[in-house]
Structure formats: C-alpha cells, structure tokens
Amino acid sequence: MKIGITAIGIGKAARPGTIRAVAEHAERLNFGTLFAPEHVVLFDHHESKYPYSADGRFLAGSTIDILDPFIGLSYAAAFTSRIRLATGICLVPEHNPVELAKIIASLDRLSEGRFVLGVGIGWSAEEFAAIGIPFERRSQRTIEYLEVMRKLWSEDKSSHRGEFVNFKDVRSFPKPAQGGRVPVIFGGESVPALRRAATYGSGWFGVNLTPDQAAPKIAKLHALMDENGRDRKDFEIIISPYENRTTQAGLQAYHELGVTEFVPFVRLPGDDAEIPAVLEKVAREWVEPASKLG
C-alpha cells in the first residue's frame, strides 16, 4: 500500500521553493504519488454545488492560488526521478483533447513515464460557461476525449470522427513514455462515476470517505468491473480524506477493502525550511505502517 500527498500547485504549495521542497522530500521519504488539482477559474458565489462539502461551497475559497497542474507537475518532475506525478484531478472536458494529449505526452516523456491522469468531469457550470464549453453531456465528452487521446498516444497516424472531435490523418509526437497505457484514474462517487471508472479507467479516486463509507462503493466498483471482465489486480483504488481522522486501524481497514494508495491531508508550514520535518512526521505516521501492509 502506498501513501500519496496532495500538496502541489495550490495555496502556499504554488510557490516554486515549496514545490521543490515537497517533491524532493516526498520522494526521499518514499511517498507514492504527488497530486495536483485543477481549476481554471473560481467564483465568489456560484449556484453549482461542490460535491465534497456539506454546504456546497468550494472549501479553498475563490482567491486561492491554483497553478496549471501540468506546469506544476513538470516543475516537480525536474527535481525528482521516482515519485509518480498525478493530476488530482484534471477537468478533462474543459480541454481540447488534441492539445491535452500533447501536453500529457510531453510531461510523461520528460518525467520518464511517471505521469498519472486523474480525471474529473467537473461540477462547476459557471467554470464551463466562462471557458465556453457546454456543461451538458460533459460525461460523454470526457469519454470521447479519452478515446481521442489514447489514439494519439499510441498510433503513428490517427483519425477520429465523433460527436465532439473530428480529424483525419494527424500525427502527434512525441508519444508518452508509457505510450497509450498512461494510467487514467477517475474521481467521483456516484454510480455513473463508478461505472466510468470500471469501464474506461485504470483506477478510482474516492474523496472524504471513511472505511465504512468506502466499502459499499468499492463493492459496487468490483461488481461493475466483473461485468466488464476487468481484472481487479490491475486496477488502483485511491482514497483521500479532507481531514486526518483515520487511525492506523482505519488504514488496515482500507487495505482490507483493496485500497492501493491512501492520501492523507498534509498541512504544509509557511516556512519551507520546516517542510522536511513535517513530511518526516507524516512518513513515520503513514508511509512506514503502509509499507508493512504490502
């Protein structure tokens, strides 16, 4: 079982020195994955409901720094050589998939095959409107975009004709170091979200779920995978709480459910010089016990 960290590209972790310190020391301490979030724009007031808060408000506020995740992760890649680099998550339907395929291929090539595409379909209709992309059918748009990107990552010459994307005989180089096998981890806890993960993804990312809350969702996910003839051994299950309420017994419970990576909330200090000590404490609390679980 791996321990990830969600600390790159948001708030104080949008500063270059902080990104470097977190990335270097997370790798030194054997964390599994660095995650970076994405939002292009935020709003002081919005009608859309953020799915991971009780009142529907975005927890970080509207003026927080949020880097483009691919730029932030590329910066982290330059200071590391082993730790995985993941979007947590990328709002895929807000992008042009032909351009996004090139961005991902570039990052995966420069990081020598360490990139993981964490995918969300988006919750903010206001953000979609600001970018000029319809909020409706964003799930279908996401699936077609992934099909397009996988073609561009794996084929020498690609063509596609679909509802949202059309092109013929294009070439997109470089290919990712992982080729068309760039891991795709879906977020979301609804049954449609679980079905997307089980059908099209190589993993699932659950947020703010206790072991008791995660258990029925993982059971449903396994049932959907079985329907699709998917091998559970090849599928990642990642869980992240917003607050550190999990005990060591809870970590064991997640492991028994089949969770492959646990991502605790890490509150970074304001002084970058204190980051090594903070991450060392987190490593003692989580990385070392998780490594004994297998």
Side-chain angles (χ1 to χ4, degrees), residues 2-10 13-14 16 19-20 22-40 66-122 142-143 145-155 158 172-188 196-197 200-205 207 234-238 240 260-263:
K2 297 179 292 186
I3 299 296
I5 184 168
T6 53
I8 293 297
I10 184 169
I19 293 175
R20 179 171 184 172
V22 170
E24 289 181 335
H25 291 287
E27 179 166 276
R28 173 177 66 86
L29 294 164
N30 295 317
F31 284 83
T33 310
L34 288 172
F35 291 90
E38 177 175 51
H39 274 292
V40 179
I66 302 180
L67 296 179
D68 177 286
F70 299 99
I71 294 176
L73 291 170
S74 295
Y75 189 78
F79 301 109
T80 57
S81 61
R82 293 182 290 105
I83 196 166
R84 296 200 309 175
L85 309 162
T87 49
I89 49 71
C90 170
L91 298 165
V92 167
E94 292 186 351
H95 292 265
N96 178 301
V98 179
E99 292 181 334
L100 184 58
K102 172 59 70 73
I103 291 167
I104 290 170
S106 300
L107 173 51
D108 194 62
R109 176 64 70 90
L110 291 175
S111 66
E112 299 183 309
R114 290 187 284 140
F115 179 69
V116 177
L117 178 62
V119 174
I121 68 169
T142 298
I143 298 308
Y145 282 11
L146 288 172
E147 180 185 355
V148 166
M149 292 192 291
R150 282 169 166 155
K151 284 183 179 181
L152 294 170
W153 292 335
S154 60
E155 298 175 351
S158 301
S172 181
F173 291 88
K175 304 300 182 188
Q178 300 176 87
R181 297 183 301 278
V182 172
V184 176
I185 311 295
F186 279 90
R196 281 192 294 272
Y200 304 103
S202 46
W204 172 69
F205 195 122
V207 175
D234 299 327
F235 194 86
E236 293 187 61
I237 297 178
I238 304 169
S240 178
T260 56
E261 186 162 10
F262 178 71
V263 188

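On a predicted model such as this, the values are computed, not experimentally measured, just so you know. Side chains included, hydrogens not; waters and symmetry mates left out as well; all remaining heavy atoms used.
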List the residues meeting side-chain contact (heavy atoms from CB on, under 4.5 Å) with [X], not counting sequence neighbours, and say none if there are none.
X	value
E24	R20, F79
L67	A14, I19
A197	F186, W204, L221, F235
E155	K151, S158

- Task: May I have all residue pairs that pass side-chain hydrogen bond (donor to acceptor under 3.5 Å, both in side chains) and include part of residues 173-184, sequence neighbours excluded?
- Result: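 Qualifying pairs, neighbours excluded: D108-Q178.
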- Item | Any pair counted as side-chain hydrogen bond (donor to acceptor under 3.5 Å, both in side chains), so long as it reaches residues 109-122, sequence neighbours left out |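 Residue pairs with at least one partner in residues 109-122: T80-R114.
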List for me each residue that meets ring-ring contact (aromatic ring centres under 6.0 Å, His included) alongside [X], sequence neighbours excluded, and say none if there are none.
X	value
H25	none
Y200	none
F31	none
Y145	none

Using modelled atom types only, decide if a donor and an acceptor are shared between the side chain of [X] and the backbone of [Y] within a distance under 3.5 Å.
X	Y	result
S154	G179	no
T87	L117	no
K2	F262	no
S240	V263	yes

- For R150, enumerate each residue passing the side-chain hydrogen bond (donor to acceptor under 3.5 Å, both in side chains) test, keeping only those at least two apart in sequence or located in another chain.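 Applying side-chain hydrogen bond (donor to acceptor under 3.5 Å, both in side chains) to R150 gives none.
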For residues 90-98, which side-chain N or O atoms pair as donor and acceptor with protein atoms under 3.5 Å away, sequence neighbours left out?
{"residue": "H95", "atom": "NE2", "partner": "E38", "partner atom": "OE1", "Å": "3.2"}
{"residue": "H95", "atom": "NE2", "partner": "E38", "partner atom": "OE2", "Å": "2.9"}
{"residue": "N96", "atom": "OD1", "partner": "V98", "partner atom": "N", "Å": "2.9"}
{"residue": "N96", "atom": "OD1", "partner": "E99", "partner atom": "N", "Å": "3.2"}

- Query: Hey, are the side chains of I89 and V119 touching, using non-hydrogen atoms and a 4.5 Å cut-off?
  - Reply: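 No, their side chains stay 4.5 Å or more apart.
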